[in-house]
Colleague: 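Below you'll find the structure I mean.
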Amino acid sequence: MKTVDVNIEEKLFQNRYRVDIGRPHVLIKNVGVCTNDCADKSCTFVCPASCYRKENNGSVTLITDGCLECGSCRILCTEHHNLEWAYPRGGHGILFKFG
Ligand code: SF4
């Protein structure tokens with residue numbers, strides 16, 4: 001059986017994402033908690049879709065476009081309970097059927 005090497009970026013490119021404009025399904029409740037109380041900011045390097053970014057001033061920004069709905073950030077943030085997390089509304093979010 002022949003195998004084909006495919007890297008993560010190529011696999012992610014197979015997906016499609018329908019943005020629910022103005023209604024992100026994951027929200028940071030209090031940006032100040034991320035900036036001041038969260039030392040490791042692990043969401044910024046664990047999220048497989050790179051939705052979180054650590055800014056130069058120590059804050060964390062979140063753009064949910066491309067979110068894989070894996071739930072990793074939800075689990076990581078249990079110490080601070082600083083995320084509102086829900087699945088996208090029907091017809092929005094990640095479409096895996098191309099992968
Ligand atoms: Fe990233 Fe997964 Fe959280 Fe979506 S659910 S923002 S892919 S860690």
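All residue numbers refer to positions in the sequence shown, counting from 1. Each ligand, and each atom within it, is numbered from 1 in the order the structure gives.
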Colleague: For Tyr52, counting its heavy atoms only, list the atoms of ligand 1 lying under 4.0 Å from any of them.
Modeller: 6 (S)
Colleague: Which residue and atom name correspond to the protein heavy atom nearest atom 4 (Fe) of ligand 1, and how close is it?
Modeller: Cys67 SG, 2.3 Å
Colleague: Go through the steps to decide whether His25 and Glu69 satisfy the test side chain to side chain contact (heavy atoms under 4.5 Å, CB included), and finish with yes or no.
Modeller: CA-CA 10 Å; His25 66 285; Glu69 301 169 21; 4.3 Å; yes
Colleague: Please examine the side chains of Asp5 and Asn7, heavy atoms only from C-beta on, and report whether any two atoms are closer than 4.5 Å.
Modeller: no
Colleague: Could you list the atoms of ligand 1 found under 4.0 angstrom from a heavy atom of Gly71?
Modeller: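 Taking each heavy atom of Gly71 in turn, ligand 1 has 2 (Fe), 5 (S) under 4.0 Å.
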Colleague: Can you report which non-hydrogen protein atom sits closest to atom 7 (S) of ligand 1, along with the distance?
Modeller: Leu68 N, 3.2 Å
Colleague: Numbering the atoms of ligand 1 from 1, which are under 4.0 Å from a heavy atom of Trp85?
Modeller: 5 (S)
Colleague: Under 2.8 Å from atom 2 (Fe) of ligand 1, can any N, O or S atom of Cys70 be found?
Modeller: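 Coordinating: yes.
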Colleague: Can an N, O or S atom be found in Cys43 less than 2.8 Å away from atom 3 (Fe) of ligand 1?
Modeller: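 Under 2.8 Å: Cys43 has no N, O or S contact with atom 3 (Fe) of ligand 1.
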Colleague: Taking all heavy atoms of Asn15 and all of Phe96, pick out the closest pair and write down the distance.
Modeller: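 Taking every non-hydrogen atom into account, OD1-CD2, 3.6 Å.
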Colleague: For atom CD1 of Ile63, decide whether the heavy atoms of other residues, nucleotides or ligands shown that lie under 6.0 angstrom number more than 12.
Modeller: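 At most 12 heavy atoms, drawn from other residues, nucleotides or ligands, come within 6.0 Å of this atom.
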Colleague: Distance under 4.0 Å to a non-hydrogen atom of Cys47: what atoms of ligand 1 satisfy this?
Modeller: 1 (Fe), 6 (S), 7 (S), 8 (S)
Colleague: Can you give me the closest heavy-atom contact between Pro88 and His92, atom names plus distance?
Modeller: CB-O, 3.7 Å
Colleague: Surrounding NZ of Lys54 (heavy atoms of other residues, nucleotides or ligands, distance under 6.0 Å), is the total greater than 12?
Modeller: no
Colleague: Which of the numbered atoms in ligand 1 are below 4.0 angstrom from a heavy atom of Cys73?
Modeller: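 Reading through ligand 1 atom by atom, the close ones are 3 (Fe), 5 (S), 6 (S), 8 (S).
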Colleague: Does the pair Asp40 and Cys38 meet the rule for a side chain to side chain contact (heavy atoms under 4.5 Å, CB included), with working shown?
Modeller: CA-CA 6 Å; Asp40 54 4; Cys38 182; 3.6 Å; yes
